[in-house]
Amino acid sequence: AQSVAQPEDQVNVAEGNPLTVKCTYSVSGNPYLFWYVQYPNRGLQFLLKYITGDNLVKGSYGFEAEFNKSQTSFHLKKPSALVSDSALYFCAVGDRLSGSARQLTFGSGTQLTVLP
Amino acid sequence: EAQVTQNPRYLITVTGKKLTVTCSQNMNHEYMSWYRQDPGLGLRQIYYSMNVEVTDKGDVPEGYKVSRKEKRNFPLILESPSPNQTSLYFCASSLTRDSRTDTQYFGPGTRLTVL
């Protein structure tokens with residue numbers, strides 16, 4: 001079975017400081033990994049994904065994430081946070097071994113608040 | 001504009017009164033899906049569809065029905081809603097059938113309250 005954990009419900013960071021939103025996963029084979037962001041009263045928006053290749057993935061709005069197979073992690077990072085980055089962030093995982101009939105599993109979400 | 005639309009955006013209803021939430025995408029996507037979002041539980045998949053007339057259960061299908069008669073539409077039907085179906089619902093679509101690798105595009109959400 002596949003699962004994903006976002007250990008922090010809430011992350012607060014000061015504007016201009018680096019931010020990290022944590023994600024760990026569990027799959028039988030190799031993972032496909034996604035980050036989505038949800039702004040208030042909006043649907044989820046794609047930020048970035050890891051399918052294969054370079055472990056460091058760059059995405060929208062200056063975000064990046066590093067796939068770490070040994071630690072089964074895919075933490076989301078940004079060097080300098082903006083107040084406008086305040087939102088709910090979801091990590092999601094799919095299992096390469098499962099075949100296309102098996103879907104993504106989403107984490108419970110982490111609320112990021114960037115303080116001015 | 002490429003988008004996924006849902007209607008209604010807000011709905012308050014009573015237990016047992018059948019309702020339908022519509023979902024439509026204008027991107028000619030193969031794959032469509034319904035999720036519910038609950039605090040502390042994240043997004044959980046209700047049903048998905050890989051093509052017209054092809055639907056399958058997700059993780060939490062009980063109490064829901066779907067249909068995919070046309071490629072662009074994927075309505076969610078609650079035949080007899082109950083209070084535990086009070087939630088925020090999202091429709092999503094992606095170009096290809098493999099939701100493990102393809103980017104999903106989400107609708108704006110429907111907030112349903114069942115009294």
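Just so we're on the same page: letters track the sequence lines, and every chain starts at 1. What you see is a predicted model; the values in this text were computed from it and never measured.
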J.: With a sphere of 6.0 Å drawn around CD1 of B/Ile12, does it hold more than 12 non-hydrogen atoms of other residues, nucleotides or ligands?
T.: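 No.
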J.: For the hydrophobic clusters of this structure (ILVMFWY residues joined by side-chain heavy atoms under 4.5 Å, transitively), does one cluster hold both B/Val4 and B/Leu76?
T.: no
J.: For the CG atom of A/Leu104 and the OH atom of B/Tyr35, what is their distance to the nearest 0.5 Å?
T.: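 The CG atom of A/Leu104 sits 6.0 Å away from the OH atom of B/Tyr35.
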J.: Identify which part of B/Tyr89 has an atom lying under 4.5 Å from any heavy atom of chain A, answering side chain, backbone, both or neither.
T.: neither
J.: Which atom pair, heavy atoms only, marks the closest approach of B/Gly40 to A/Ser108?
T.: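 Of all heavy-atom pairs spanning B/Gly40 and A/Ser108, the closest is O-CB, 3.5 Å.
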J.: What residue in B/Arg44, B/Gln6, B/Gln37 has the most heavy-atom pairs under 4.5 Å with chain A?
T.: B/Gln37
J.: At a heavy-atom separation under 4.5 Å, does A/Leu88 approach chain B through its side chain, its backbone, both, or neither?
T.: side chain
J.: Look only at the side chain of A/Tyr36 and the backbone of B/Phe106, and say whether a donor-acceptor pair between them is shorter than 3.5 Å.
T.: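 No.
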J.: Is the count of non-hydrogen atoms from other residues, nucleotides or ligands lying under 6.0 Å from B/Lys71 atom NZ greater than 12?
T.: yes
J.: Considering only Ile, Leu, Val, Met, Phe, Trp and Tyr, and joining two whenever side-chain heavy atoms are under 4.5 Å apart, list the other residues clustered with B/Leu41.
T.: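 Members alongside B/Leu41: none; it stands by itself.
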J.: Decide yes or no for A/Gln38 and B/Phe90: does some side-chain heavy atom of the first lie under 4.5 Å from some side-chain heavy atom of the second?
T.: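 Yes, at least one pair of side-chain atoms sits under 4.5 Å.
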J.: Show me the side-chain donor-acceptor pairs of residues 41-61 of chain A shorter than 3.5 Å, one per line, residues at least two apart or across chains.
T.:
unit_1: A/Lys49; atom_1: NZ; unit_2: B/Thr101; atom_2: O; d: 2.7
unit_1: A/Asp54; atom_1: OD1; unit_2: A/Leu56; atom_2: N; d: 3.2
unit_1: A/Lys58; atom_1: NZ; unit_2: A/Glu64; atom_2: OE1; d: 2.9

J.: Please classify the contact of B/Arg9 with chain A as side chain, backbone, both or neither, using a heavy-atom distance under 4.5 Å.
T.: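 The side chain, not the backbone.
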J.: Applying the 4.5 Å side-chain criterion to the ILVMFWY set and letting contacts propagate, would A/Val37 and A/Leu33 be lumped into a single cluster?
T.: yes
